[in-house]
Amino acid sequence: MDNKLMLMIPGPTPVPEQVLLAMAKHPIGHRSGEFSKIMAEVTENLKWLHQTQNDVLMLTVSGTGAMEAGIINFLSPGDRVLVGSNGKFGERWVEVCEAYSLNVDPVTAEWGKPLDPEQFREKLEADTEKQIKAVIITHSETSTGVINDLETINRHVKAHGEALIIVDAVTSLGAANVPIDDWGLDVVGSGSQKGYMIPPGLGFVAVSPKAWEAYEKAKLPKYYLDLKPYRKNAAKNTTPFTPPVNLIIGLQAALQMMKAEGLESIFARHLRQMNATREAMKALGLPLFAPDGAGSPAITAVAPTTVDAEQVRSVMKKRFDIVLAGGQDHLKGKIFRIGHLGFVSDRDILTAVGSLEATLIELGHQGFTSGAGVAAAAKVIAKS
Ligand SMILES: *Cc1c(COP(=O)(O)O)cnc(C)c1O
């Protein structure tokens with residue numbers, strides 16, 4: 001059936017009609033007064049969303065570009081960096097750091113498990129010479145559905161005193177509490193196609209005063225991703241290069257929707273939908289890939305043993321027009337992932353779980369009572 005496709009992948013995520021309509025206009029000039037007004041509002045609302053007074057800069061890049069900018073603007077070749085790596089994205093930041101000749105010290109955990117904050121504490125405490133210049137953490141590890149304990153790891157970074165904390169918040173910003181100023185996070189990167197409810201194409205980098213101090217000494221090469229011109233131009237409500245004007249107009253509408261919903265409600269909704277999804281999977285006898293207490297509010301990874309994960313995805317798509325994500329790298333075929341990020345309602349979760357039940361019956365998965373998944377999800381959703 002046309003126009004029934006439901007994206008339940010961790011980006012691109014569904015886009016509300018208000019946003020689509022806002023974007024369905026002729027582009028306006030990016031040096032016009034009209035556009036500057038939009039920039040002013042968007043910049044202010046981005047600070048609200050990021051819970052910060054720091055600069056929040058907008059770049060025409062995907063999330064990876066935002067993170068690359070967040071790394072290379074503040075470091076010099078040979079700088080020692082601790083990089084948390086417990087999934088595809090953690091591995092990517094290791095690769096980016098290596099590409100720029102940083103001295104990478106990966107802090108790893110098995111895929112599907114959270115990073116151990118103690119390992120960071122030990123390395124940071126041992127560094128009496130203050131050679132560690134940055135700690136890079138993926139908050140919500142989208143590839144495995146694991147949320148890392150950013151708050152505790154950041155506390156250890158603060159105790160070190162010197163190192164910057166650089167955070168990939170691509171699937172936690174707008175889904176989980178990331179209080180940048182309260183926690184003193186230095187650099188926080190995110191991307192438009194995740195929690196922002198707009199299409200792909202914009203990257204965001206929040207930068208603290210301490211990070212700007214590091215910028216002055218940083219020697220890695222940069223041009224398009226040099227954040228200083230973005231900062232200078234943002235102060236005048238403009239951008240150094242041509243921005244995707246329609247996307248920014250969409251962002252203006254999306255941020256207005258977020259403000260109307262309120263941060264607390266947004267976080268509570270994501271948590272509720274994560275809990276509903278996780279309880280449903282348990283009731284259906286489907287093993288969760290991330291342990292209780294470490295599940296991401298953006299995405300739930302499921303590792304079925306009695307049915308093929310790719311077959312589940314295929315039936316869900318063909319029969320119910322619901323797109324789930326698969327596993328990446330060695331997890332391909334082993335897991336499927338249900339996105340509940342951004343413009344997702346409780347109804348979408350009930351629909352997805354009901355459709356999944358029908359899919360499981362079709363695939364001959366045994367060991368659950370028909371309706372058990374929907375009942376478990378409904379219980380979580382009805383309670384709150
Ligand atoms: C999606 C995502 C990114 C960025 O991916 P792009 O394809 O470059 O937008 C980075 N980190 C995490 C955790 C993500 O989920």
Side-chain angles (χ1 to χ4, degrees), residues 7-15 50 57-72 83-97 99 106-109 111-115 135-150 153 165-176 178 185 187-206 224-225 244 247 250-251 254 270 274 289-290 294-301 323-329 331-332 335-344:
L7 285 180
M8 295 193 85
I9 56 175
T13 61
V15 178
H50 285 72
L57 306 170
M58 235 183 326
L59 284 67
T60 309
V61 291
S62 77
T64 303
M67 278 301 292
E68 183 161 328
I71 293 169
I72 67 174
V83 184
S85 174
N86 58 334
K88 179 84 182 162
F89 291 100
E91 282 188 358
R92 183 174 296 175
W93 312 139
V94 169
E95 285 169 15
V96 169
C97 290
V107 178
T108 59
W111 286 36
K113 302 278 183 293
L115 295 167
V135 175
I136 301 170
I137 299 292
T138 303
H139 188 196
S140 162
E141 181 42 89
T142 315
S143 62
T144 60
V146 165
I147 192 133
N148 287 310
D149 185 356
L150 173 62
I153 294 169
I165 177 120
I166 299 175
V167 182
D168 168 352
V170 179
T171 55
S172 61
L173 205 104
V178 188
L185 303 174
V187 179
V188 175
S190 58
S192 60
Q193 80 277 29
K194 308 289 177 101
Y196 288 85
M197 311 193 293
I198 62 174
L202 278 173
F204 307 89
V205 196
Y224 186 68
L225 296 181
L247 205 47
L251 177 62
H270 283 84
M274 173 195 81
F289 197 62
S296 164
I299 183 142
T300 297
V323 185
L324 304 179
Q328 293 166 289
D329 292 352
L331 293 178
K332 196 162 175 56
I335 62 168
F336 64 85
R337 295 174 297 148
I338 304 171
H340 31 78
L341 174 60
F343 187 57
V344 176

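All of these numbers come straight from a predicted model, not from anything done at the bench. In each ligand, atom 1 is the first atom listed, and ligand 1 is the first ligand listed. The first residue of the sequence shown is numbered 1, and numbering continues consecutively from there.
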Query - With Val188, the side chain to side chain contact (heavy atoms under 4.5 Å, CB included) member among Val167, Val205, Leu150, Asp168 - result: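 Among the candidates, only Val167 passes.
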
Query raised in the report: Could you walk me through whether Leu251 and Leu202 pass the side-chain contact (heavy atoms from CB on, under 4.5 Å) check?
Result: CA-CA 9 Å; Leu251 177 62; Leu202 278 173; 4.2 Å; yes

Query raised in the report: Do we see a donor-acceptor contact under 3.5 Å between the side chains of Ser140 and Ser296?
Result: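 On atom types as modelled, these side chains qualify, holding a pair under 3.5 Å.
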
Query raised in the report: Just by distance, with hydrogens left out, do Trp93 and Thr138 show a side-chain donor and acceptor under 3.5 Å apart?
Result: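 Yes - a donor-acceptor pair under 3.5 Å links their side chains.
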
**Report entry** For Asn86 against Thr144, the heavy-atom pair lying closest together
**Finding:**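 Smallest interatomic distance, heavy atoms only, reads O-CG2, 3.9 Å.
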
Query raised in the report: Which of parallel (below 30°), tilted (30 to 60°) and perpendicular (above 60°) describes Phe204 and His50?
Result: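 Tilted.
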
Pairs under 3.5 Å, nitrogen or oxygen of ligand 1 with protein nitrogen or oxygen:
unit_1: ligand 1; atom_1: 8 (O); unit_2: Ser62; atom_2: OG; d: 2.5
unit_1: ligand 1; atom_1: 8 (O); unit_2: Gly63; atom_2: N; d: 3.4
unit_1: ligand 1; atom_1: 8 (O); unit_2: Thr64; atom_2: N; d: 2.8
unit_1: ligand 1; atom_1: 8 (O); unit_2: Thr64; atom_2: OG1; d: 2.5
unit_1: ligand 1; atom_1: 9 (O); unit_2: Gly63; atom_2: N; d: 2.9
unit_1: ligand 1; atom_1: 9 (O); unit_2: Gln193; atom_2: NE2; d: 2.8
unit_1: ligand 1; atom_1: 11 (N); unit_2: Asp168; atom_2: OD1; d: 3.4
unit_1: ligand 1; atom_1: 11 (N); unit_2: Asp168; atom_2: OD2; d: 2.6
unit_1: ligand 1; atom_1: 15 (O); unit_2: Thr142; atom_2: OG1; d: 2.4
unit_1: ligand 1; atom_1: 15 (O); unit_2: Lys194; atom_2: NZ; d: 2.8

